[in-house]
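Take a look at the structure set out below.
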Amino acid sequence: MLAPLFGLNDTFRIFDSFERELERMAQRRTARSPLRSPVGLTDEGSHLLFWAEIPGVADNEVDVTIDRGVLAVKVHHLATAPSGYKLVRSERPSLRFEQRLELPVKVDEGAVTAEIVDGLLTVKLPKAAEAAPRKIPVRAASTEHLS
Amino acid sequence: MEPTTQNTSSSPRVNEPSKAAQPAPLKLIPPADVYESQDGFLVVIDLAGVSSDGVSLEVDKDMLTVTGQRPQKVLPAAILRRSFALPEEVDAERISAALDRGVLSLTLPRRAAAKPRQIAVKKLG
């Protein structure tokens, strides 16, 4: 069975001279690919949550800054081939990028925290008091007014 | 050296709260790099959000299957699965794996007999 050229099937042969040539082609195609790591922003009610998949990245390879409503996340990971090995197939995206996001609500910039767990960066951005959800008390009204 | 890419977005997409629903886990195919040396192969797989107790390895005949279970937290729950057809020269009994910062490294050693052997050339006369 011949696996497709690249990424279409979850199975591939590591060692096959014909596919080795295909892999070389794929590698040339993707080695400088501008693929970025998946990132996202969710609204969690009391805070916003920014996340980025950055597997293999150490905490000193990430800069997170926030300034006047703009969150900037810079990842500068240097991927190095392990010594004695040569690369024969390359699919993993480059982890050198900068993402700047203008935040949709005002956040308490002094209370922003960031952490990396299992290759997942999360930045928790608590909303400023005026932007946080506010509970509105519901008053019981007499039915006369509704009829 | 690759240039740093820069993306500026003035209106980021804001998703619904991630805890809103519990759909079936996503099925994802994680990207992998493959390295080769005289001693064997090294397969490096991105498994962001997967902890070491969520990774399993299975060898069935010549197929090596890696499965990572990502629990629902920041990212939706997912099963990340990748299969590799092992070359005959790999010693499946000696495959080892290590997970560090969401990256799984699989070491696939060659059988001793499969390693390239240096043959001395005798000088005649």
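It should be emphasised that the depicted structure is a prediction, and the values quoted were computed from it without experimental measurement. The chains referred to below are lettered A, B, ... by the order of the sequence lines, with proteins before strands, and numbering in each begins at 1.
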>> Let me check something: do B/I45 and B/I79 share a hydrophobic cluster, defined by ILVMFWY side-chain heavy atoms less than 4.5 Å apart, either directly or through other members?
In response: no
> Are B/V59 and B/F41 connected in the hydrophobic side-chain network, where two residues link if heavy atoms are under 4.5 Å apart?
Replying inline: yes
>> Check A/E91 with B/R82, please: is the shortest side-chain N to carboxylate O separation under 4.0 Å?
In response: yes
> What part of A/V70 lies closer than 4.5 angstrom to a heavy atom of chain B: side chain, backbone, both or neither?
Replying inline: neither
> Side chain, backbone, both or neither: which part of A/A72 has a heavy atom under 4.5 Å from chain B?
Replying inline: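 Interface part for A/A72: neither.
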>> Applying side-chain contact (heavy atoms from CB on, under 4.5 Å) to A/V88 and B/Y35, what does each step give before you reach the verdict?
In response: CA-CA 5 Å; A/V88 293; B/Y35 297 89; 5.9 Å; no
> Which pair of heavy atoms, one from B/A48 and one from A/P55, lies closest together, and at what distance?
Replying inline: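 The pair with the smallest heavy-atom distance is CB-CD, 4.0 Å.
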> Which atoms form the tightest heavy-atom contact between B/P31 and A/P93, and what is the distance?
Replying inline: CG-CD, 4.1 Å
>> Just to verify, which of A/L121, A/T42, A/L120 counts as forming a side chain to side chain contact (heavy atoms under 4.5 Å, CB included) with B/V74?
In response: A/L120
Heavy-atom check, side chain of [X] versus side chain of [Y], under 4.5 Å:
X	Y	value
B/V43	A/R89	no
A/P82	B/L42	yes
A/D118	B/R101	no

>> Go through it in stages, so that I can follow the logic: the residues are B/K73 and A/V117, the test is side-chain contact (heavy atoms from CB on, under 4.5 Å), and I'd like the CA-CA distance, side-chain angles, deciding distance and then a yes or no.
In response: CA-CA 11 Å; B/K73 280 185 192 162; A/V117 177; 5.9 Å; no
>> Looking at A/E130, I want to see if its CD is surrounded by more than 12 non-hydrogen atoms of other residues, nucleotides or ligands under 6.0 Å.
In response: yes
> So how far is it from B/D33 CG to A/Y85 OH, rounded to the nearest 0.5 Å?
Replying inline: 13.5 Å
>> Less than 4.5 Å to any heavy atom of chain A: does that hold for the side chain of B/L99, its backbone, both, or neither?
In response: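 Nothing of B/L99, per the 4.5 Å heavy-atom cut-off to chain A.
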